Amino acid sequence: MTEEIRGRATKYAVVTGANKGIGFEICRQLASQGVVVVLTARNEKRGVEALEKLKGLIGLAKENVVFQQLDVMDPSTIASLAEFIKTQFGRLDILVNNARIGGVTADADALIAKQESSGNLKQEWAKGVLSESDNLTEEKIQEVIEQYLRDNKEDTLQAKGCPSLMSAYILSKAAMNAYSRVMAKKHPYIQINCVCPGFVKTDMTYNSGILSIEQGAESPVMLALQPDGAASGLFFVRKRVSSSL
């Protein structure tokens with residue numbers, strides 16, 4: 001990264017899982033607004049190809065993007081990325097945790113049904129724990145997850161109020177939202193938010209969504225570019241704060 005770019009840029013960002021889909025578009029929108037963006041991907045070849053494609057799309061802003069290989073499940077790649085940021089930039093202003101870990105196979109009909117339903121956590125005990133604002137802790141979140149795993153092993157999930165469709169997915173999202181609130185409270189000088197981009201046409205949804213990838217990236221980018229002192233510890237559905245888990 002040249003000194004010219006370092007002087008021109010006001011913010012430095014990392015976007016995980018960014019070689020395609022919403023992650024790629026988040027990189028494009030951020031770079032187009034003058035942010036220096038580190039596009040990351042697990043697969044180096046796909047990441048480099050995505051970087052070249054991105055440079056072609058953003059024209060004069062192409063110097064604002066670089067690639068670093070990152071697998072969020074591999075500590076060695078995390079350490080390498082951290083060292084790269086420290087050496088090249090000296091700081092990180094924006095982190096967009098977009099990468100996901102595949103753990104379920106679902107067809108398009110199942111995904112559409114999930115989106116058309118509320119998608120909210122239905123299990124009252126878990127919902128009560130994760131909804132706490134003042135007393136929520138990492139330990140309590142872990143307790144909810146471990147109880148879910150026990151219920152799943154004992155085949156008692158539905159009897160205890162869990163939905164039959166994609167219950168693990170719903171719980172994981174609720175737990176992530178809750179964890180974000182805990183982290184926001186623990187680190188009050190860092191803005192930490194969760195956002196649902198909406199039902200977007202991506203590979204993950206078998207292109208059955210109702211929003212374009214460009215529309216899906218708008219809300220994460222909006223949150224990434226918030227001014228200092230803006231909202232933290234909140235869950236957004238697109239650009240609006242939601243009280244749902």
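Here the structure is a predicted model, which is why all the values come from computation and not from measurement. Excluded from the calculations below are hydrogen atoms, water molecules and symmetry mates; all remaining heavy atoms, backbone and side chain alike, are included.
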- Query: Is there any salt bridge (Lys or Arg N to Asp or Glu O under 4.0 Å) pair reaching into residues 213-229, and which pairs are they, with sequence neighbours excluded?
  - Reply: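 Every salt bridge (Lys or Arg N to Asp or Glu O under 4.0 Å) pair that includes a residue of residues 213-229, provided the two are not neighbours, is Glu218-Lys239.
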- Message: Tell me which pairs pass salt bridge (Lys or Arg N to Asp or Glu O under 4.0 Å) where either residue lies in residues 45-56, with sequence neighbours left out.
- Response: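 Salt bridge (Lys or Arg N to Asp or Glu O under 4.0 Å) check on residues 45-56 returns Lys45-Glu49.
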- Item | Worked check of side-chain contact (heavy atoms from CB on, under 4.5 Å) between Lys140 and Asn135 | CA-CA 9 Å; Lys140 289 183 178 181; Asn135 301 313; 3.7 Å; yes
- Item | Neighbour count above 12 (heavy atom, 6.0 Å) for Tyr179 OH |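 At most 12 heavy atoms, drawn from other residues, nucleotides or ligands, come within 6.0 Å of this atom.
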- Step through the shown structure and confirm whether more than 12 heavy atoms of other residues, nucleotides or ligands are within 6.0 Å of CE on Met176.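 Atom CE in Met176 is not packed in, count stays at 12 or less.
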Cluster link [X] to [Y], ILVMFWY, side chain under 4.5 Å:
X: Leu234; Y: Ile94; value: no
X: Leu136; Y: Val241; value: no
X: Val221; Y: Ile213; value: yes
X: Phe67; Y: Leu57; value: yes
X: Met204; Y: Val195; value: no

- Item | Pair Arg91 + Asp93: basic N to acidic O under 4.0 Å |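 Between Asp93 and Arg91 there is a salt bridge, with a charged N closer than 4.0 Å to a carboxylate O.
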Output the distance between atom [atom1] ([X]) and atom [atom2] ([Y]), rounded to the nearest 0.5 Å.
X: Ser212; Y: Lys201; atom1: OG; atom2: NZ; result: 8.0 Å
X: Asp71; Y: Ser76; atom1: CG; atom2: OG; result: 8.5 Å
X: Ser219; Y: Ile22; atom1: OG; atom2: CD1; result: 8.0 Å
X: Cys194; Y: Asn177; atom1: SG; atom2: CG; result: 4.5 Å
X: Ile58; Y: Asn64; atom1: CD1; atom2: CG; result: 6.5 Å
X: Leu149; Y: Asp151; atom1: CG; atom2: CG; result: 9.0 Å

- Message: Looking only at side-chain N and O atoms, does Gln147 offer a donor or acceptor that is under 3.5 Å from a partner on Glu143?
- Response: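 There is no such pair between these side chains.
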- Message: For a side-chain contact (heavy atoms from CB on, under 4.5 Å) check, start with the C-alpha distance between Leu130 and Leu171, then their side-chain angles and the critical distance, and finish with the verdict.
- Response: CA-CA 10 Å; Leu130 299 181; Leu171 178 64; 4.3 Å; yes
[X] side chain to [Y] main-chain N or O, any donor-acceptor pair under 3.5 Å?
X: Thr16; Y: Asn98; answer: yes
X: Tyr12; Y: Val37; answer: no
X: Ser232; Y: Ile192; answer: yes
X: Ser131; Y: Gly128; answer: no
X: Thr87; Y: Phe84; answer: no

Which atom pair, heavy atoms only, marks the closest approach of [X] to [Y]?
X: Leu157; Y: Ser167; value: CD1-OG, 4.2 Å
X: Ala18; Y: Cys27; value: CB-SG, 3.6 Å
X: Ile145; Y: Ala175; value: CD1-CB, 4.2 Å
X: Ser242; Y: Val237; value: CB-CG2, 3.6 Å
X: Leu30; Y: Ala13; value: CD1-CB, 4.2 Å
X: Ala231; Y: Phe236; value: CB-CZ, 4.4 Å

- Message: Would Val65 and Leu39 count as a side-chain contact (heavy atoms from CB on, under 4.5 Å) here? Give the steps.
- Response: CA-CA 7 Å; Val65 292; Leu39 181 158; 5.7 Å; no
If we only count heavy atoms from C-beta on, is the [X] to [Y] side-chain gap below 4.5 Å?
X: Leu95; Y: Val15; answer: no
X: Phe24; Y: Leu54; answer: yes
X: Phe235; Y: Ser243; answer: no
X: Val36; Y: Lys11; answer: no
X: Ile85; Y: Val14; answer: yes

- Taking only residues two or more places apart in sequence, or in another chain, which ones meet Leu211 in a side-chain contact (heavy atoms from CB on, under 4.5 Å)?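 side-chain contact (heavy atoms from CB on, under 4.5 Å) check on Leu211 returns Val200, Gln215, Arg238.
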- Task: Could you list all the side chain to side chain donor-acceptor pair (under 3.5 Å) pairs where at least one residue sits in residues 184-196, not counting sequence neighbours?
- Result: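 Counting only pairs at least two positions apart or across chains, the side chain to side chain donor-acceptor pair (under 3.5 Å) contacts touching residues 184-196 are Gln191-Gln226.
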- Task: Give every residue pair that meets the side chain to side chain donor-acceptor pair (under 3.5 Å) criterion with at least one member in residues 22-36, sequence neighbours excluded.
- Result: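 Counting only pairs at least two positions apart or across chains, the side chain to side chain donor-acceptor pair (under 3.5 Å) contacts touching residues 22-36 are Glu25-Arg28, Glu25-Gln29.
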- Message: Can you list everything that forms a salt bridge (Lys or Arg N to Asp or Glu O under 4.0 Å) with Glu44? Sequence neighbours excluded, please.
- Response: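 Result, salt bridge (Lys or Arg N to Asp or Glu O under 4.0 Å) vs Glu44: none returned.
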- Criterion side-chain contact (heavy atoms from CB on, under 4.5 Å) on Asn43 and Asn19, from CA distance to verdict: CA-CA 9 Å; Asn43 184 287; Asn19 63 290; over 6 Å; no
